[in-house]
Amino acid sequence: KQEVTQIPAALSVPEGENLVLNCSFTDSAIYNLQWFRQDPGKGLTSLLLIQSSQREQTSGRLNASLDKSSGRSTLYIAASQPGDSATYLCAAPNFGNEKLTFGTGTRLTIIP
Amino acid sequence: EAGVAQSPRYKIIEKRQSVAFWCNPISGHATLYWYQQILGQGPKLLIQFQNNGVVDDSQLPKDRFSAERLKGVDSTLKIQPAKLEDSAVYLCASSLGGGGNYGYTFGSGTRLTVV
């Protein structure tokens with residue numbers, strides 16, 4: 001059974017700093033890994049999707065990496081802004097059932 | 001392309017009442033999912049449809065929850081009767097094929113409060 005863990009559960013950093021969010025998974029037999037953003041009381045917004053054959057994906061100030069052998073993914077946010085404050089979730093579907101397993105998220109607060 | 005549409009956005013009901021949520025996936029997306037997200041937790045899959053057939057409903061509390069996807073497009077999720085512990089955000093997602101290859105697109109969710 002896939003288990004996804006995100007550390008830390010909460011993070012506060014001053015505006016302008018670069019930061020890294022971590023995601024680990026127990027079963028490396030994944031199709032891909034997806035990072036989402038969730039604002040309070042809202043749905044999920046897809047940020048980046050990394051296929052299992054890829055090592056990283058970039059979108060603007062965001063860069064996500066995937067290391068299947070170690071069961072880890074990171075989301076790097078450059079030059080953080082107050083608008084980046086949200087909860088960030090990683091999730092991976094498994095081969096066979098494609099059920100998406102989520103981590104519990106990292107609640108990020110950017111301090112102006 | 002239009003996103004995944006969900007309604008209502010918010011719903012407050014008393015315990016033992018019934019409630020229904022509606023989802024319209026992205027046009028052409030064969031796979032539709034309903035997730036339950038309790039405050040402070042990651043979303044949990046309730047049911048997965050492929051076209052109008054159920055692929056996985058192993059975590060759906062079938063004594064009170066039901067879902068259908070007519071004609072392989074829109075879907076409704078119903079709770080009857082509701083319990084206090086059903087208070088959560090209900091998220092609908094769709095995927096072009098299996099999410100394993102194409103990723104998932106989520107709607108904005110329905111926040112249910114059971115009092």
Side-chain angles (χ1 to χ4, degrees), chain A residues 1-10 21 23-25 27-54 57 59 64 66 68 73 86-107, chain B residues 1 3-11 21 23 25-26 29-50 54-60 87-113:
Chain A
K1 177 188 173 188
Q2 178 76 277
E3 293 182 8
V4 179
T5 304
Q6 291 186 249
I7 295 173
L21 306 181
C23 172
S24 61
F25 47 93
D27 186 347
S28 62
I30 57 173
Y31 289 107
N32 56 50
L33 188 135
Q34 199 163 359
W35 282 92
F36 296 90
R37 168 186 172 136
Q38 187 173 35
D39 293 289
K42 301 290 181 64
L44 305 181
T45 301
S46 179
L47 297 173
L48 289 164
L49 171 68
I50 314 174
Q51 298 292 352
S52 61
S53 58
Q54 298 174 318
Q57 278 285 343
S59 176
L66 176 63
K68 286 177 56 180
S73 176
T87 296
Y88 291 80
L89 294 147
C90 66
N94 283 83
F95 278 104
N97 61 24
E98 299 187 17
K99 186 169 72 174
L100 200 60
T101 301
F102 280 87
T104 51
T106 294
R107 188 173 69 252
Chain B
E1 76 184 350
V4 175
Q6 288 189 249
S7 66
R9 283 301 316 277
Y10 306 94
K11 192 74 176 179
F21 313 129
C23 173
I26 292 175
H29 279 198
T31 311
L32 184 146
Y33 311 80
W34 283 101
Y35 283 83
Q36 180 193 57
Q37 185 179 24
I38 293 172
L39 186 64
Q41 299 181 17
K44 181 188 78 172
L45 179 69
L46 292 175
I47 189 167
Q48 175 184 349
F49 292 94
Q50 183 77 18
V54 175
V55 174
D56 184 351
D57 64 356
S58 58
Q59 297 196 76
L60 187 74
S87 294
V89 176
Y90 291 84
L91 297 162
C92 179
S94 70
S95 178
L96 185 61
N101 288 322
Y102 300 101
Y104 299 72
T105 302
F106 280 80
S108 52
T110 296
R111 175 176 292 279
L112 173 67
T113 303

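- In terms of non-hydrogen atom pairs under 4.5 Å with chain A, the most contact-rich of B/Gly107, B/Gly109, B/Cys92, B/Pro43 is B/Pro43.
- Closest of all the heavy-atom pairs between B/Thr105 and B/Val4 is O-CG2, 3.4 Å.
- For B/Gln6, no part lies near chain A; criterion is any non-hydrogen pair under 4.5 Å.
- The nearest pair of heavy atoms linking A/Gln51 to A/Leu66 is O-CD2, 3.8 Å.
- In this structure, the portion of A/Gln38 lying under 4.5 Å from any heavy atom of chain B is its side chain and not its backbone.
- When each of B/Arg9, B/Lys44, B/Gln37 is checked for heavy-atom pairs under 4.5 Å with chain A, B/Gln37 comes out on top.
- Ring geometry for A/Phe36 against B/Phe106 counts as perpendicular: the plane angle is over 60°, on a 0 to 90° scale with 30° as the lower cut.
- Between B/Tyr35 and A/Phe102, the ring-plane angle classifies as perpendicular under the 30° and 60° cut-offs.
- Among all heavy-atom pairs drawn from A/Tyr88 and A/Arg37, the shortest one is OH-NH1, 3.6 Å.
- Taking chain B as the reference chain and counting heavy-atom pairs below 4.5 Å, the highest number among A/Lys42, A/Gln6, A/Arg107 is found for A/Lys42.
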